[in-house]
Amino acid sequence: MTKREVIRILNEIGVLLELKGESFFKSRAYYEAARKLEIIDEDIEKLVSQQRLENIEGFGRALTQKITELVTTGQLKYYNKLRESIPSGLLDMLKIQGLGPKRIMTIHASLGINTIDELKKACEEDKLLDLPRFSKKIQAKILEGINNLNNYADKFHYNIGEMVANELLKHIINSPYVKRCQVAGSLRRKKEVVKDIDIIASSDNPHEVMNIFTNHSYVKEIIAKGETKSSVVLVNGMNADIRVVNDDEYPYALHHFTGSKEHNTALRHVAKKHGLKINEYGIFNGQQKIKCKDEVDFFKVFDMKYIHPELRENYGELEAALNNKLPHLVTLGDIKGMVHVHTMYSDGSATIKQLAKECIARGYKYLLISDHSKSAVYAGGLSEDEIKMQHEEIDILNEKYTDFKIFKGIESDILTDGSLDYSDEVLKSFDFIIGSVHSSFRMNEEKMTKRIIKALNNPYMTILGHPTGRLLLNRAGYKINIDKIIDTCIENNIIIEINANPYRLDIDWRYIKAAKDKGAKFVISSDAHSIKEFEYMRYGVNVARKGWLEHRDIFNCLSLEKVVDYLKL
DNA sequence: GCCGTTTTCGGCCCGACTGTTTTCAGTCG
């Protein structure tokens, strides 16, 4: 059984226990254990066979026994029994806004309802009214929650969230009542997909700020509106929350609502050791509040350097901050060249000259062109003759530039047998080669891993393109042994792509830090098919920062001279 | 569920808002 599967089951047990009405702390023990396994960069089977699980904080006798059973037999009796006792439809109901474990179990126990469809029918037939602490209002809310579930996605791509949040922010920040205001939550942490928008503001007149927020034209429905907190649904189905505090409470509130929950919980443990207490209104030493003017001050209280929001995932940032080992995160300004760009030769919309001009205007020193290869017929992949033409055009353009260079490359399909789709003769004519999988996504893990590793052993390969092939909120990545692939990239000096397209953001940031520690190198590439898509670079930088990367870990932070040197030209 | 120098039981994270009920339960983040 894979670690991923164990993590999934632990999380599900946590949810099932919540439904059963068990103590929240018991559920949390399972969630925390799942979380720990996610962070630990070790083989689960080794951890079990070497009996090292019980040495990890949060793994007591019960959890160790259960995980051992799961890993050695592939089964867990406790889990099977739990699942039998709770219809799976009840788990789905947790997604309905306003409906939690208590009400779900009341509905199930009194009315025998097991699925969302049955629940919907019951609401429409007024069957919930007689249940204790239910009413017409609550029934209507549940019904609306069910309809929203069908009408709206519950998650959105980062770039959509950012766009909407900026629009709301612009509206609020212009108010004379607002002193400080910014986006918090997962958007501030630059998560690749977001559930909602969190905004924090400081003001002496929260009432007015709430009105401004809830009156925005994007607001479709007000879920809650109070003096410090309001919650709305926007026209696109997204939820947005605002918290308004006094200005001297702002840094604490900002930190609290930036999260992550896991980061906050871990920091509270640290605070406790200092004899301090943290909540959204302050850091307290008994009754006394410790003054902070901003988040830099906030972390100073715990002898920590400022932790950038992107790192606040409880992936080791607190320890690093204590030991002064936080990375100097890469910034967009560190990027010196545009990589993985498609032109009109294949499915791009701009000419090489237009792309180069835009690069120069943006201060980039080089452009790495990589159109599709000939197997990608659907995308106008380049024939051998077209490659020759493109190379001639690049040579002519390069003669005109003094402080700028265009490099000749290709995004070559990794064919099902792991070979690239040109002869060595043709491959040799490029300055660099990105190898990407664009077909037969549904191979099993062993075959797909073998396929990619064979390509990584091709001496002409420079970069592994979008390593998992995922499309966020749309398609899971292909099944691969990512550890083996990363290890092979390191051995063979292949650069791992961080594809900055906001619908890909592939490789996932969760893999990056461990790979970096092992010596992996990365490139942030736009995969641009138009000049407009150069903007994608900042999403790629977000991912790199979430993966703890510094400029020296990233290929296109190198100077032009160093790139020429690297590509041995 | 886990944990432990107040140690084998009793804490563990808590505040805001809604709606039902009249002091509080449920949900959410």
Side-chain angles (χ1 to χ4, degrees), chain A residues 10-11 13-36 53-67 78-79 82 93-107 128-142 145 154 184-187 189 194-200 206 210 214 222-233 239-245 249 252-253 255-273 276-282 284:
Chain A
L10 290 176
N11 277 321
I13 291 174
V15 177
L16 289 165
L17 290 172
E18 276 194 64
L19 281 170
K20 286 220 115 170
E22 292 275 358
S23 135
F24 156 73
F25 298 105
K26 193 167 168 176
S27 291
R28 199 180 63 175
Y30 282 91
Y31 297 139
E32 295 271 308
R35 177 98 198 148
K36 278 261 163 71
L53 216 47
E54 56 220 88
N55 300 335
I56 305 169
E57 204 189 335
F59 292 76
R61 206 193 291 170
L63 269 165
T64 302
Q65 185 273 322
K66 288 193 176 82
I67 294 169
Y78 174 77
Y79 169 63
L82 206 54
M93 287 183 201
L94 281 169
K95 288 193 200 122
I96 300 168
Q97 179 141 41
L99 195 55
K102 297 278 162 45
R103 285 190 185 133
I104 290 174
M105 287 317 273
T106 304
I107 291 165
L128 269 54
L129 300 182
D130 299 332
L131 303 178
R133 298 190 80 94
F134 277 70
S135 65
K136 197 131 200 157
K137 220 165 184 177
I138 286 180
Q139 180 178 266
K141 219 171 146 181
I142 293 173
D154 60 341
S186 53
L187 268 172
R189 300 200 315 279
V194 297
K195 253 184 89 172
D196 56 10
I197 294 170
D198 291 294
I199 291 173
I200 308 294
M210 291 305 176
T214 55
I222 299 168
I223 298 173
K225 189 175 174 186
E227 281 295 296
T228 66
K229 179 187 166 178
S230 290
S231 201
V232 300
V233 182
N239 277 51
D241 296 333
I242 190 167
R243 299 288 296 226
V244 184
V245 295
E249 293 165 340
Y252 316 97
H255 177 268
H256 182 88
F257 291 105
T258 296
S260 65
K261 213 163 55 187
E262 291 78 9
H263 166 91
N264 288 356
T265 307
L267 189 61
R268 270 188 223 125
H269 280 289
V270 176
K272 219 170 175 182
K273 282 180 195 155
L276 304 173
K277 192 184 123 132
I278 308 175
N279 63 26
E280 59 253 65
Y281 300 112
F284 297 94

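Throughout, protein chains are lettered first and strands after them, A, B, ... in sequence-line order, and every chain is numbered starting at 1. Just so it is clear, the values below take in all heavy atoms, side chains as well, and ignore hydrogens, waters and symmetry mates.
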Tell me, do Ile223(A) and Asp241(A) make a side-chain contact under 4.5 Å, heavy atoms counted? no
Selected nucleotide, minimal atom distance to Tyr281(A) side chain, candidates dT27(B), dG15(B), dC13(B): dG15(B)
Partner nucleotide of dT8(B) by Watson-Crick or wobble geometry (both distances under 3.5 Å): none
When rounded to the nearest 0.5 angstrom, what distance separates CD1 in Ile107(A) from CE in Met93(A)? 7.0 Å
Rounding to an integer number of angstrom, what distance separates dC13(B) and dG19(B) when you compare their P atoms? 30 Å
side-chain N/O Thr228(A) vs dC17(B) OP1/OP2, d < 4.0 Å: yes
Describe the nucleic acid contact of Lys66(A) in one word from base, sugar-phosphate, nothing, applying a heavy-atom distance below 4.0 Å. sugar-phosphate
Rounded to whole Å, the CD1-C1' distance (Ile242(A) to dA16(B)) equals 15 Å
Hey, does the side chain of Arg28(A) come within less than 4.0 Å of dC13(B)'s phosphate (OP1/OP2), counting only N and O? yes
Would you classify Glu227(A) as touching base, sugar-phosphate or nothing, given that sugar-phosphate means primed atoms plus P, OP1 and OP2, and contacts are heavy atoms under 4.0 Å? sugar-phosphate
Whole-Å distance, Glu280(A) CD to dC14(B) P, equals 11 Å
Can you measure Lys26(A) atom NZ to dG1(B) atom P for me and round it to whole angstrom units? 4 Å
Using whole Å, what does the distance between atom P of nucleotide dT18(B) and atom NZ of Lys137(A) come to? 10 Å
Grab the CG-P distance between Leu53(A) and dC2(B) for me, whole Å please. 11 Å
Classify Ile96(A) by what it touches in the nucleic acid, base, sugar-phosphate, or nothing, heavy-atom distance under 4.0 Å. sugar-phosphate
With respect to the side chain of Asn279(A), which nucleotide from dG26(B), dG15(B), dT18(B) is positioned closest? dG15(B)
Contact class for Tyr78(A) vs. all strands (heavy atom < 4.0 Å): base, sugar-phosphate, or nothing? sugar-phosphate
Please figure out whether Asp198(A) or Ala29(A) has its closest DNA chain B nucleotide nearer the 5' end. Ala29(A)
C1' spacing across the pair dC17(B) / dT23(B), given as an integer number of angstrom: 16 Å
With rounding to the closest Å, how many angstrom separate the C1' atoms on dT21(B) and dG26(B)? 14 Å
Could you tell me how far dG1(B) sits from dT6(B) if I compare only their P atoms? Round to whole Å. 28 Å
Rounding to 0.5 Å, atoms OH (Tyr31(A)) and CG (Leu17(A)) come to a distance of 8.0 Å
Please report the distance separating the P of dG11(B) from the corresponding atom of dA16(B), rounded so that it comes out in whole Å. 23 Å
Measure from CD1 on Ile197(A) to C1' on dC28(B) and round the result to the nearest Å. 17 Å
Could you check whether any side-chain heavy atom of Lys195(A) comes within less than 4.5 Å of a side-chain heavy atom of Asn239(A), counting everything from C-beta outward? no
Non-hydrogen side-chain atoms of Phe134(A) and Thr106(A) separated by less than 4.5 Å: yes
In terms of side-chain heavy atoms of Lys277(A), which of dG15(B), dC12(B), dG29(B) is nearest? dG15(B)
May I ask you to say what Phe25(A) touches in the nucleic acid, namely base, sugar-phosphate or nothing, with a heavy-atom cut-off under 4.0 Å? base
When you measure from the side chain of Leu63(A), which nucleotide among dC17(B), dC13(B), dC2(B) comes out closest? dC2(B)
From CG of Asn11(A) over to C1' of dG1(B), roughly how many Å is that when rounded to an integer? 14 Å
Regarding Glu57(A), tell me which of base, sugar-phosphate or nothing describes its non-hydrogen contacts under 4.0 Å with the strands shown. sugar-phosphate
Please pick, from dT18(B), dG1(B), dC13(B), the nucleotide with the shortest atom-to-atom distance to any side-chain atom of Phe24(A). dC13(B)
Under 4.0 angstrom, heavy atoms only, what part of the nucleic acid is Arg268(A) near: base, sugar-phosphate, or nothing? base
Find out whether Glu280(A) and Arg243(A) are in side-chain contact, i.e. whether some heavy atom of one side chain is under 4.5 Å from a heavy atom of the other. yes
Would you indicate what Asp241(A) reaches in the nucleic acid, counting non-hydrogen atoms under 4.0 angstrom: base, sugar-phosphate, or nothing? sugar-phosphate
Evaluate the ring planes of His263(A) and His255(A), with Trp represented by its six-membered ring, and classify them as parallel (under 30°), tilted (30 to 60°) or perpendicular (over 60°). tilted
Can you tell me how far P of dA16(B) sits from CG of Asn239(A), to the nearest Å? 20 Å
Nearest to side-chain heavy atoms of Arg133(A), which nucleotide of dT27(B), dG29(B), dT21(B): dT21(B)
Quick one: label Ile278(A) by what it contacts on the DNA or RNA (base, sugar-phosphate, nothing), any heavy atom closer than 4.0 Å. nothing
5′-ward residue of the pair Lys225(A)/Leu94(A) relative to DNA chain B: Lys225(A)
